[in-house]
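Notes follow once the structure below has been shown.
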Amino acid sequence: MTLKVHNTATRSLQAFEPLEAGIVRVYGCGPTIYNHAHIGNFRTFLFFDLVHRYLDWSGYEVRFVMNLTDVDDKVIESAVESGITITEKTTPFGEAFLADSSTLGIRPAESYPRATDYIGAMVDFVQRLVDGGHAYPADDGAVYFSIASFAEYGRLKGIDTSTLKVGARVSHDQYDKEDARDFALWKAATAEDEQVEAAWDSPWGRGRPGWHLECSVMSIAELGETLDMHLGGEDLVFPHHENEIAQSEAATGRPFVRHWMHGRHLFVEGKKMAKSLGNFITLRELLDEGHDPAAIRHLLISSHYRGDLNFTRQGLEASGSALQRLLDFESRLKGLAVDAGADPSGLATIASEAVESFRGAMDNDFNSADALAVVFGFVSSVNAALDAHPAVIAADRDAALAALHSMDEVLGLLEVASASRVVDDDLAAYVEQKIQERSEARANRDFATSDAIRDELTGKGIVLEDGPDGTRWKVG
RNA sequence: GGCGCCGUGGCCAAGUGGUAAGGCAGAGGACUGCAAAUCCUUUAUCCCCGGUUCGAAUCCGGGCGGCGCCUCCA
């Protein structure tokens, strides 16, 4: 059993092996924080989370770093419009992003470096490239990376850069590049940059870093010159990651990334999510509509990260139902009566087989869809076994519960669901008391009273389930 | 124009050579005072046409349909 991951650079599955045994260095390309992240962004970040959690679950020491881009064209433009500095613009959105991530159960990264905290390192990096003949200052005050100096350029995307339709969609007339394909490492500051405090001193005058530069500099600073994994959305393959490889390897002379992994973009109601289509959906909107964050998490990980995923309200409802099945199952196990003299139920075997199947699914390039199927197959098997064996020994019950929770350490579904379903003690006590009253009524076959109590609780969002061992309740 | 992806039951979605996981929804039954939860049964020759093979959803060729990147973008 070994973990196999899809590497964009080779377009094939490769056995994963970290550079340093037992430790995995992962860098994820994070969001640009000039507005709220949308659920498409979160599909990608949930993919990162699956990688993060599964590597951890597999026993690796995971060093996971994700940047927050706080200076680039969009940030500056947005700050100018708002009449504030880039820091004033990005600080609240950075906080909102981390809060949203937490709501979805995304595990915190080891650190979230921001570009503006690494300006000095970026200047040094650019200088290093200039000194090495891989970059040149131009008359327009910018410093460009010379693609001609890096023979491997285009390898990641698998393109021959000479065939690029240069200038087809972007005017290059305004730049003083030696080669139209060259990209900016450092840009000269404009009046607007100065206005929003997005300009710094450098050997080439006042300016600011180019977008591609930050990831190289920060990942190397935080994790070293060679990363085990570098994650991002599919849109970043070219030119962003291609440029990162060029500048990083040109500067260090070492392989930059061992495994490039890219997640597919989310669709919404059958269409690409785009501002022009007006179909951007933020997490906050969905929560305001009353959707459960755990159901959102379920939907966003219910398809393999490299496959298509069309986000629909209907699908979200289905995910909510699926999640409820999981919660009911957990509740059934927790409330299970144990009997030291019970016959063998086979639960321990079912549990260990499920965990192994789960491992197999996740080892296959983090196939969360398959892993989810394993979990639900496990649920069915155990439910059937429990129907056949009303009482089990404690070890069997504990094995089943442990397996469920172990798999959930990776999927994070029950974890998120329980976090959003905390019931205050007063309500819990009230419900317990009502259930007691209802039990007495039922014992007297006073079903009118019994049903009245149940209806009242239903009105409060409490669902009752009568079983042989008493009445269970849950937040519906 | 270049590079690439996808087309599996009503909906969603696994499955890369041996005769189709899982979720949701639907139907029938069991259980229940009635429910809920659960269980059982039930719904697919995998877009089409050829080819390779003892055998293909899975490989090859062609076609039809949908889509992505090549530009800031998760």
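Keep in mind that what you see is a predicted model, and the values were worked out from it rather than measured. Every chain is numbered from 1 and lettered A, B, ... according to where its sequence line falls, protein lines coming before strand lines.
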request  = Start with the C-alpha gap between Asp49(A) and Arg107(A), add the side-chain angles, then the distance that decides, and say whether salt bridge (charged side-chain N to carboxylate O under 4.0 Å, His left out) holds.
outcome  = CA-CA 6 Å; Asp49(A) 190 49; Arg107(A) 280 198 190 161; 5.6 Å; no
Just checking [X]: base, sugar-phosphate only, or nothing, at a heavy-atom cut-off of under 4.0 Å?
X: Ala318(A); value: sugar-phosphate
X: Leu266(A); value: base
X: Gly232(A); value: sugar-phosphate
X: Phe267(A); value: sugar-phosphate
X: Gly30(A); value: sugar-phosphate

Whether [X] contacts [N] is assessed here as follows: a side-chain N or O lying under 4.0 Å from the phosphate OP1 or OP2. Is that the case?
X: Arg306(A); N: rG4(B); result: no
X: Arg332(A); N: rU38(B); result: no
X: Ser380(A); N: rG23(B); result: yes
X: Ser321(A); N: rA25(B); result: yes

Inter-nucleotide [atom1] distance ([N], [M]), Å rounded:
N: rU45(B); M: rC60(B); atom1: P; value: 25 Å
N: rU53(B); M: rU58(B); atom1: C1'; value: 13 Å
N: rU41(B); M: rC5(B); atom1: C1'; value: 39 Å
N: rA56(B); M: rG18(B); atom1: P; value: 11 Å
N: rA14(B); M: rA57(B); atom1: C1'; value: 12 Å
N: rG29(B); M: rG51(B); atom1: P; value: 48 Å
N: rG65(B); M: rG23(B); atom1: C1'; value: 27 Å
N: rU43(B); M: rG10(B); atom1: P; value: 13 Å

Please tabulate the protein-to-nucleotide N/O contacts below 3.5 Å involving nucleotides 30-35 of chain B, giving atom names and distances.
| from | atom 1 | to | atom 2 | distance (Å) |
| --- | --- | --- | --- | --- |
| rG33(B) | O6 | Arg442(A) | NE | 3.3 |
| rG33(B) | O6 | Ser450(A) | OG | 3.2 |
| rG33(B) | N1 | Asp451(A) | OD1 | 2.9 |
| rG33(B) | N2 | Asp451(A) | OD1 | 3.3 |
| rG33(B) | N2 | Asp451(A) | OD2 | 2.6 |
| rC34(B) | O2 | Arg454(A) | NH2 | 2.5 |
| rC34(B) | N3 | Arg454(A) | NH1 | 3.0 |
| rC34(B) | N3 | Arg454(A) | NH2 | 3.1 |
| rC34(B) | N4 | Asp466(A) | OD2 | 3.2 |
| rA35(B) | N6 | Asp466(A) | O | 3.1 |
| rA35(B) | N1 | Asp466(A) | N | 3.0 |
| rA35(B) | N1 | Asp466(A) | OD2 | 3.4 |
| rA35(B) | N3 | Arg454(A) | NH1 | 2.9 |

Next on the checklist: Testing Tyr54(A), Phe42(A), Tyr305(A) one by one against Phe47(A) for a ring pair (Phe, Tyr, Trp, His ring centres under 6.0 Å), which residue passes?
Outcome noted: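 Considering Tyr54(A), Phe42(A), Tyr305(A), a ring pair (Phe, Tyr, Trp, His ring centres under 6.0 Å) with Phe47(A) is found only for Tyr305(A).
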Fill in: Of Phe150(A), Phe238(A), Phe145(A), the residue whose pairing with Phe183(A) passes ring pair (Phe, Tyr, Trp, His ring centres under 6.0 Å)
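For Phe183(A), the ring pair (Phe, Tyr, Trp, His ring centres under 6.0 Å) check succeeds only for Phe145(A).
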Is the closest side-chain heavy-atom distance between [X] and [Y] below 4.5 Å?
X: Leu185(A); Y: Tyr144(A); answer: no
X: Ser406(A); Y: Trp57(A); answer: yes
X: Phe45(A); Y: Ser101(A); answer: no

Interatomic distance, [X] [atom1] vs [N] [atom2] [rounded to whole Å]:
X: Tyr34(A); N: rA74(B); atom1: OH; atom2: C1'; value: 11 Å
X: His265(A); N: rC6(B); atom1: NE2; atom2: P; value: 17 Å
X: His241(A); N: rA74(B); atom1: NE2; atom2: C1'; value: 10 Å
X: Arg325(A); N: rU38(B); atom1: CZ; atom2: C1'; value: 8 Å
X: Asp387(A); N: rU41(B); atom1: CG; atom2: P; value: 13 Å
X: Ile435(A); N: rA36(B); atom1: CD1; atom2: C1'; value: 12 Å
X: Lys272(A); N: rA74(B); atom1: NZ; atom2: C1'; value: 11 Å
X: Glu317(A); N: rC24(B); atom1: CD; atom2: P; value: 13 Å

Given that both distances must come in under 3.5 Å, which nucleotide forms a Watson-Crick or G-U wobble pair with [N]?
N: rC11(B); result: rG23(B)
N: rU52(B); result: none
N: rG65(B); result: rC6(B)
N: rA57(B); result: none
N: rG33(B); result: none
N: rG1(B); result: rC70(B)
N: rA44(B); result: none

**Prompt:** Ala99(A) and Arg284(A): which non-hydrogen atoms are nearest, and at how many Å?
**Reply:**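 Closest pair (atom of Ala99(A), atom of Arg284(A), distance): CB-NH2, 4.2 Å.
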Distance-minimising heavy-atom pair for Ala385(A) and Ile350(A):
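In this case the closest contact between Ala385(A) and Ile350(A) is CB-CD1, 4.3 Å.
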ask   = When you measure from the side chain of Arg472(A), which nucleotide among rC39(B), rA74(B), rA37(B) comes out closest?
value =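 From the listed options, rA37(B) comes nearest.
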### Task
Give the nucleotide from the list rG68(B), rU38(B), rC40(B) with an atom nearest to the side chain of Arg264(A).
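The closest nucleotide is rG68(B).
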For this session: For Ala373(A) and for Ala384(A), find the nucleotide of RNA chain B with the closest heavy atom, then tell me which residue's nucleotide is more 5'.
Result: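 In this pair, the answer is Ala373(A).
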Exercise for the section: Would you please test Asp235(A) and His265(A) for side-chain hydrogen bond (donor to acceptor under 3.5 Å, both in side chains) and show each step? Expected result: CA-CA 8 Å; Asp235(A) 54 298; His265(A) 275 188; 2.6 Å; yes
How long is the straight-line distance from CE of Met66(A) back to CZ of Phe48(A), given to the nearest 0.5 Å?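 Rounded to the nearest 0.5 Å, the CZ-CE separation comes out at 7.0 Å.
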Checklist entry - When rounded to the nearest 0.5 angstrom, what distance separates CD in Glu214(A) from OG1 in Thr32(A)? => result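 It is 7.0 Å, given to the nearest 0.5 Å.
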Are any of the side-chain nitrogens in Asp466(A) or Arg442(A) under 4.0 Å away from the carboxylate oxygens of its partner?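 Counted as a salt bridge, because a side-chain N and a carboxylate O are separated by less than 4.0 Å.
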With B for base contact, S for sugar-phosphate-only contact and - for none (protein heavy atoms under 4.0 Å), nucleotides 10-16 of chain B reads -S-SSS-
- Does a sphere of radius 6.0 Å around CD in Glu192(A) hold more than 12 heavy atoms from other residues, nucleotides or ligands, not counting ones at 6.0 Å or beyond?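 Not more than 12 within 6.0 Å, no.
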